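The next block holds one structure in the form of structure tokens; read it before the comments.
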Amino acid sequence: MLSQKDNETLCRVGPETPMGQLLRRFWIPFLHANELPGPDCNPIRVTLLNERLVAFRDTDGRVGLISNLCAHRNADLFFGRNEENGLRCTYHGWKYDVNGNCLDMPSEDEDSVFKDKIRLVSYPVEEAAGILWTYMGPAELKPPALPKFEWMRVPDDYRYVSWNVQDNNYAQAIEGGIDSAHVNYLHSTVDSHRPAPAGAVARPGRGGEGGQLGSLIGRDKHPKLFVKNTDYGLLIGARRHTGEDKDYWRLNNFLMPFWTTPPGRSMHAFVPLDDFHVARWSITWQADAPYSAAERAAMRHGQGIHSELEAGTRSPTLPYMPPGHVPTHNRWNDYQIDREMQRQETFTGIKDFGAQDYSIQEGMGIISDRSTEHLGVTDRGIIAMRRMLIDSARDLLEGIEPASAHNPESYWVHGGQTLLPVDADWEQAEEVTKAVTAIV
Amino acid sequence: MLSQKDNETLCRVGPETPMGQLLRRFWIPFLHANELPGPDCNPIRVTLLNERLVAFRDTDGRVGLISNLCAHRNADLFFGRNEENGLRCTYHGWKYDVNGNCLDMPSEDEDSVFKDKIRLVSYPVEEAAGILWTYMGPAELKPPALPKFEWMRVPDDYRYVSWNVQDNNYAQAIEGGIDSAHVNYLHSTVDSHRPAPAGAVARPGRGGEGGQLGSLIGRDKHPKLFVKNTDYGLLIGARRHTGEDKDYWRLNNFLMPFWTTPPGRSMHAFVPLDDFHVARWSITWQADAPYSAAERAAMRHGQGIHSELEAGTRSPTLPYMPPGHVPTHNRWNDYQIDREMQRQETFTGIKDFGAQDYSIQEGMGIISDRSTEHLGVTDRGIIAMRRMLIDSARDLLEGIEPASAHNPESYWVHGGQTLLPVDADWEQAEEVTKAVTAIV
Amino acid sequence: MLSQKDNETLCRVGPETPMGQLLRRFWIPFLHANELPGPDCNPIRVTLLNERLVAFRDTDGRVGLISNLCAHRNADLFFGRNEENGLRCTYHGWKYDVNGNCLDMPSEDEDSVFKDKIRLVSYPVEEAAGILWTYMGPAELKPPALPKFEWMRVPDDYRYVSWNVQDNNYAQAIEGGIDSAHVNYLHSTVDSHRPAPAGAVARPGRGGEGGQLGSLIGRDKHPKLFVKNTDYGLLIGARRHTGEDKDYWRLNNFLMPFWTTPPGRSMHAFVPLDDFHVARWSITWQADAPYSAAERAAMRHGQGIHSELEAGTRSPTLPYMPPGHVPTHNRWNDYQIDREMQRQETFTGIKDFGAQDYSIQEGMGIISDRSTEHLGVTDRGIIAMRRMLIDSARDLLEGIEPASAHNPESYWVHGGQTLLPVDADWEQAEEVTKAVTAIV
């Protein structure tokens, strides 16, 4: 559990809050690059960390992310005209470049210096791996380098990225992302919680990566969780006894401030849009081959960790964002739950893998009341993650910058799994290091 | 009128409020029994007295009504799997029985005693007369017996029960239920307010029960109201002179804490779902014969005090409840008011009898501001009802339990009507007692 | 910019606020007269200056505007029966005349004097120029005469009037109405902000009236604004050099407390419905001929300053108003913006002229935060208007009545345009007086 005070510290992300300031020390993915498909394309509404912004791509292809309200008299620049390297307000023609500078103020005299005094809030944007990233930290700070994820270095067609909005605070979404224990239930079959007969092979749900090792999940229903501090955040090990001479270890990562990795080549970012909405980014990739068109189509229709999205729909509760990011299995249709399927086949009766998570995370209430929780042995990673975020936010108030933000090299990890001798020292084991860092 | 302070005391029903505590001393109807049609059927969302709960029927047929949030980390148990005498959370498989006990905690070691310490909020449920009832009082109190309504003792097919949600506080709905004077207007014909020619027979609206006596309503447009305290609450007599040697008396009851009876074999309960929504239960019955299939179909389509309901719709303002209880004549379509009918035929132009009441009760605002009222001679029953509820709530704060909650036998009454000599002492009259207690 | 305190004073319009009291000193248009088409027609919901009211036309054709809640027990009189010179509450038949007097109280004895003590809030209504006007000032004050607008004196078929709701505070709508500078951008073509070649003729947008003079707008992109106090409010002059021996002057008016005039025979009123919604009234007229049926149809479909409206729709955010006043180009469909048209043709890509304004005014947020503005040389009229409203509201608190409310003759003005010698004293120029007062 958390006190109400700690819970507020964890969950509130506005510019004036401790956590809001911490999050603003890290690069944040906010749009697919192709949501701004070309020079002078349509501007896009962005809500990020409780701020309303407009993204646009200028004539030279540069991307701007600036305050949505014109400095003159608050006209919404989303309706602005994107032209000749600047976004021009439709009210009186004030024109801004990607850095928020006012380039033109046709309502004033030609020799006026008024426009030189005007600067909109703007955040630097980088484009990498088909994603637009921004750094919302103080303007006087030089942004660090982008995190060096493995998936950022593979060719574009080896990678598939999607994002969708959820109606809940970001922190309870991160908790789901590092919760190694819930795989046996939420994403699994109806009988996954029963003691497995000796030697039986559990059927992993769609979320669990397959392979020989994955089939060992069912051998031990009571995984023990262990947590190790790392340069990027936390490595969380879940140990399951197999009944043989080796233990099966699943390895999840929490990467500051909102990244999580299930075992295998997939990753999530849970980016706070505001206190009440989170963007769930899902990235899957292959090390050695492009995805086929069929594989891409399947992911677009919700395969694996990706969710099928409603074309053209804006969130009823957060209209200040681009359309097309509301899942088809959503809270307004009870995630299209099929109770008969829940009786006969899967634990939830919810077909979409991501929506299984949404049903939990949105069901907690917009901001989960952690003062009433009863945490168990499988929650060690979650406790450590909360602590790391809260402590880092408080450290920053005292001037201590988060080290992970300046260690992009350390982000070259993914989730993994391995076998270790019973009672091995997992923190020192070479197999662990290999499992989470190597491209195999 | 009521002071703002008294109004708050009357209307607020959360667990910490005086009225909330009083209401929790009584049995409360919350679902049709067949909304949980059989063992291990789908769980149902329930909002009751500002609390969010999940109802489910277990493998042995017992009904549970428990907190909707798993004690572990707040997953919504509405999405839980109903299996083998327990509702299992889909997040990590914690399983609860109908009493809120944690039966299984597969994420912990098999020898863990953690689960023995976990107990969800749960409320005892009884099933009677096709209705699920709960008692939300303190766990240390032994619940009293169910109230002994006449309609609970007739065979099931002699009875018809429906319930629907209204967008207003419960108290203004009760007021409508005991308001004997409004029958002449709201539920009646366009000329009901005109002085009747001597000897004329008024056309009663659909709500007034027919018969010889009912036709006397129109003889006196200025009924005098009288109130008598009873073991169950209040008996309210409305006296109308007939111009002959006997007075016509209509007899309504208010039964603590939210039951009302129009004359005849029909009854309402106005159950607070939260401060802003009330469930209107409508019960009609016959003493001596089952309803025919045609009669049931007619009631399903809105005949009498029952309202036609939108299949599958959840309330836009209270989604945490089961679908199918929003009336087809509702505030979003102005109750399908037909102004031409209002000009030519009925006082309201609203076809559905219940919706005539909704138009009044929802139109007052979600919580009526009683500080601006101007009460008249026909409001005596309403004044007494408010006083009884407020005083009982304050008594309870001082440890005085409501006697009516422990007097289930006294609930064997219904509304009635009778003739008494002019200026008779109605409180002592045997005819009155007979009219409200006898099955005739 | 304005301080937060001044902004609150400017924007809040409830009965207890300084601005609310000021606005209640003026006649306010609130419905088309034909929205109450005849004796005993349907009552209509009205929200005005944060008050909920019901409008009805009685048997003798008089219009009442009274509190929407019955004095008895708060039943909504919108559902009342309009009959025999009074609106009768459907709950217990209390009946009110157009002055809020209780005419009948059938639930009380015939000799009761209770009804004589009941008086609903009611406001006097006048009908002129096809519009219903009300005066919401203190009952003890004698209302002044209606303002004497030129368009009130022309025959009815020389005039076209429409009104629609906007989702923003009234003050930012007024600002748009007197903002002479935005015509060059918001309502114009894509290249309107470019320096015009010497002697070139700009293409004015649909909003700019045509004619020889209007074509001079493009000669000077940096108009200088001048403001003159008048008996009715403000005359705002926008001077543009033409490159020849005369300056081109455009003349807008702000008429207390919410009227604005573009040049030509058109006028707006921006009537606060509540703090968050404004009714935009649009009036166009001709001096010498009726509008043809084709011209009326065109205006009904959005020509000129009128907006096409959705038949039968109520505002999702303000349901307590009559249906049929939501524009078809609205904030929920991004004003049907066509980005390709924005690239190629017009500055906004929004076809409806009024919706161009809505996109700005609603885009600012419901109440624009004026503490972050950066005002320029073209904002002089806006600054003066705000100051006049705020000062007048504060004066009234000290007992100083607004003089303009008592000077209806001074309202015989419209917007205009003229040529004056370079550096002429515009405030004294006879041409200016003629341009804004003469019917030519």
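Keep in mind that this is a model prediction, so the values were computed, not measured. Protein chains get the first letters and strands the later ones, always in sequence-line order, with residue 1 at the start of each.
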I would like to know whether C:Leu69 and B:Met364 meet side-chain contact (heavy atoms from CB on, under 4.5 Å); could you show each step before the answer? CA-CA 7 Å; C:Leu69 297 184; B:Met364 291 172 173; 5.7 Å; no

Output the residues of residues 173-180 of chain B for which the shortest heavy-atom distance to chain C is under 4.5 Å, in residue-number order; output 'none' if no such residue exists. B:Glu175, B:Gly176, B:Asp179

Kindly write out the residues that satisfy ring-ring contact (aromatic ring centres under 6.0 Å, His included) with C:Phe78, not counting sequence neighbours, or none if the list is empty. none

Taking the side chain as every heavy atom from C-beta outward, state whether C:Thr90 and B:Gln356 have any atom pair closer than 4.5 Å. no

Between B:Asn184 and C:His92, is any side-chain donor less than 3.5 angstrom from a side-chain acceptor? no

Heavy-atom distances under 4.5 Å only: say whether B:Asp220 touches chain C with side chain, backbone, both or neither. neither

Residues from residues 382-390 of chain B approaching chain C under 4.5 Å (heavy atoms): B:Ile382, B:Arg386

Residues that B:Tyr358 engages under ring-ring contact (aromatic ring centres under 6.0 Å, His included), provided they are two or more places apart: none

Side chain to side chain donor-acceptor pair (under 3.5 Å) between B:His222 and C:Glu110, intermediate numbers included: CA-CA 8 Å; B:His222 321 291; C:Glu110 267 155 50; 2.8 Å; yes

Ion pair check, C:Asp40 and B:Arg343, cut-off under 4.0 Å: no

Return the option, out of B:Glu373, B:Gln342, B:Gln361, with the maximum number of heavy-atom pairs under 4.5 Å with chain C. B:Gln342

Considering only heavy atoms from C-beta outward, does the side chain of B:Ile337 approach that of C:Phe79 to under 4.5 Å? yes

Interface moiety of B:Leu375 toward chain C, non-hydrogen atoms closer than 4.5 Å: both

Options B:Glu362, B:Gln172, B:Arg339, B:His182, ranked by heavy-atom pairs under 4.5 Å with chain C, top entry: B:Arg339

Go through it in stages, so that I can follow the logic: the residues are C:Asp76 and B:Arg331, the test is salt bridge (charged side-chain N to carboxylate O under 4.0 Å, His left out), and I'd like the CA-CA distance, side-chain angles, deciding distance and then a yes or no. CA-CA 12 Å; C:Asp76 188 348; B:Arg331 63 187 297 221; over 6 Å; no

Find the one option among B:Thr372, B:Val377, B:Thr378 whose heavy-atom pairs under 4.5 Å with chain C are most numerous. B:Val377

